[in-house]
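The block underneath contains the structure these notes are about, expressed in C-alpha cells.
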Amino acid sequence: MFTSHDGLCGIGELAEKVGVTVKTVRFYSDRGLLPEASRSVGGHRRYGPDALDRLRLIRSLRTLDLPLPEVHRILDEENEAGGALEDAVARQLRGLGSQLQALRWREAALRLMQECPPGERADRLSLIGAMTVPPSTAPLARFWRGWLPPRMPARSTGAFLEVAVPQPPDDPAPAQVLAFARLSAFVLQPCTGAEQPQPEAHRTAGARGSAVLYAGLAEAYELAGAQLRRNREPYPGEALDSFVAAYVSAYSTRDTPDFRRLLAEQLAIDPRIDRYWELAAEVITPPGGRAEPTPGSAHDWLLAALDAQTATAQAQTPLLRADMSR
C-alpha cells in the first residue's frame with residue numbers, strides 16, 4: 001500500500017493518495033482526528049495503513065459539513081454500535097431544513113416587495129423588517145398565554161396553542177408572508193382599553209373548568225371545521241351539541257333550551273379577535289385555495305347554528321302556548 005519498507009508513509013504521500021493538501025492532513029492530525037503512528041528520526045510524521053481509510057472517512061464527513069466535534073465522535077464510534085453518525089446527520093438535516101425555509105421566506109418577501117404598489121412599499125418593508133426569518137411563532141404563543149384563563153393547566157394550554165397558533169408554511173407565497181407579518185404585528189401591538197378583555201367564560205369557569213371547556217371546544221371546532229370544508233351552512237347537529245356540551249361540563253349545569261339561549265346571548269357580547277383569525281387563515285391557506293378553517297371561523301359557524309336554533313325555539317314557544325290554551 002505504501003512505498004516504504006516499514007509499511008508507514010509520510011504526510012506528503014498520504015495527502016497525495018487521498019487527494020488533499022499536506023496542510024489539511026496536518027490540520028486533522030493536530031486536532032487529534034488522524035493519529036500518527038510514529039515520527040521519523042528527523043521528526044517527520046509517519047502514518048500507518050489505517051490512516052488512509054480514516055482520512056478518507058474524515059474527508060467524507062467534512063463534505064457533509066459536519067463540524068469537527070461531530071466528526072471526532074463518529075470516528076470514536078467507528079467500530080462500535082453507536083448512533084453518532086445518525087444523530088449528526090439528523091441534526092444537519094434539521095439545520096438545513098431551517099436554512100432552506102429561511103431562504104424561501106426571504107425569496108417570498110422579496111417578491112412581495114417587488115410586486116407591491118410603490119405607495120405601499122414603506123409599510124410593507126416595515127412589517128417585513130420586524131419579522132424574523134425564518135419566522136417565529138413565539139409572539140403568537142405569548143399573546144394566547146395572556147388571553148387564556150390564568151392558572152389553566154399547562155397541558156390544556158399547550159393543546160390549545162397547537163390549534164390556535166398557525167405554523168408558517170415551509171414554502172410560502174408572498175401573500176402568506178404578508179399575512180404572517182401582519183399577524184405578528186397584531187399580537188405585538190399594545191393592548192389598550194377593551195381591545196383584549198377576557199371572555200365571560202374565563203371568569204366563571206375557573207382554572208379547572210376552563211381546562212374542561214377548552215378540551216371540549218377543541219372537539220367541537222374540529223367537527224365544525226369538517227362542515228366548513230364541505231361549505232355547509234350552520235345547522236344544529238353533532239358539532240353544535242359538542243359545542244354546548246363543553247360549556248355545560250365547564251359550568252357543571254344541564255343542557256336546557258334556557259341554557260342555550262343564555263349561552264347564545266353571552267357569546268354574542270363576548271370580546272372578539274376576528275382580525276387574528278382572518279390573518280391566521282391566510283397564513284395556513286395555500287394560494288388560490290378555499291380558506292382553511294380556524295378555531296375562530298369554527299366558533300362563528302357554531303354560534304350561528306346556536307343563534308338559529310334558539311331563534312327557532314323562541315318562535316315556536318308562542319305557538320305552543322297558543323295550542324295549549326285551546
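Every value quoted in this text rests on a predicted model; they were computed, and no experiment measured them. Only this structure's heavy atoms are used, side chains among them; waters, hydrogens and symmetry mates stay out. Each residue takes its place number in the sequence, starting with 1.
Annotation: R155, atom CZ; neighbour count of heavy atoms from other residues, nucleotides and ligands within 6.0 Å does not exceed 12. The number of heavy-atom neighbours closer than 6.0 Å to CZ of R145, taken from other residues, nucleotides and ligands shown, is 12 or below. By the neighbour-count criterion of 12 heavy atoms within 6.0 Å, atom CD of E200 is densely surrounded, having more than that number from other residues, nucleotides or ligands. At most 12 heavy atoms of other shown residues, nucleotides or ligands fall within 6.0 angstrom of atom CD in E233. For E238, the CD atom is loosely surrounded, since the number of other residues' heavy atoms within 6.0 Å does not exceed 12. Heavy-atom neighbours of R151 CZ from other residues, nucleotides or ligands within 6.0 Å: at or below the threshold of 12.
The shortest heavy-atom contact between A88 and I74 is CB-CD1, 4.0 Å. Of all heavy-atom pairs between W301 and R232, the closest is NE1-O, 2.9 Å. Residues L33 and I58 come closest through the heavy atom pair O-CD1, 3.6 Å. Nearest heavy atom pair, residue S29 against residue E36, reads CB-OE2, 4.4 Å. For the pair Q101 and P168, the tightest heavy-atom approach, listed with the atom from each and the gap, is NE2-O, 3.8 Å. F180 approaches P135 most closely through the heavy-atom pair CE2-CB, 3.4 Å.
Residue L263 is not grouped with residue I269 when hydrophobic side chains (ILVMFWY) are merged at heavy-atom distances under 4.5 angstrom, including chains of intermediate members. Hydrophobic clustering, with ILVMFWY side chains joined whenever heavy atoms are under 4.5 angstrom apart, groups I11 together with F27. Side-chain heavy atoms closer than 4.5 Å link hydrophobic residues (I, L, V, M, F, W, Y) into clusters, and following such links, possibly through other members, connects F143 to W277. In the hydrophobic clustering of ILVMFWY residues, with side-chain heavy atoms under 4.5 Å counting as a link, L140 and F186 come out together.
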* To do: In sequence, state the C-alpha distance, the side-chain angles, and the governing distance for I284 and T294, and then conclude on side chain to side chain contact (heavy atoms under 4.5 Å, CB included).
  => CA-CA 9 Å; I284 63 176; T294 65; 4.2 Å; yes
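A salt bridge links E70 to R91: one of the charged nitrogens lies within less than 4.0 Å of a carboxylate oxygen. A salt bridge is defined here as a Lys NZ or Arg NE, NH1 or NH2 lying under 4.0 Å from an Asp or Glu carboxylate O, and R182 with D123 fails to meet this definition. Residues D76 and R73 are not paired through a salt bridge, judged by the lack of any N-O separation under 4.0 Å between the basic side chain and the carboxylate.
Checked by atom type, the side-chain pair Y276/W147 shows no donor-acceptor distance below 3.5 Å.
Ring geometry for F160 versus W144: interplanar angle over 60°, hence perpendicular rather than tilted (30 to 60°).
Of the listed residues (L223, V248, L267), just one forms a side chain to side chain contact (heavy atoms under 4.5 Å, CB included) with F243, and that residue is L267.
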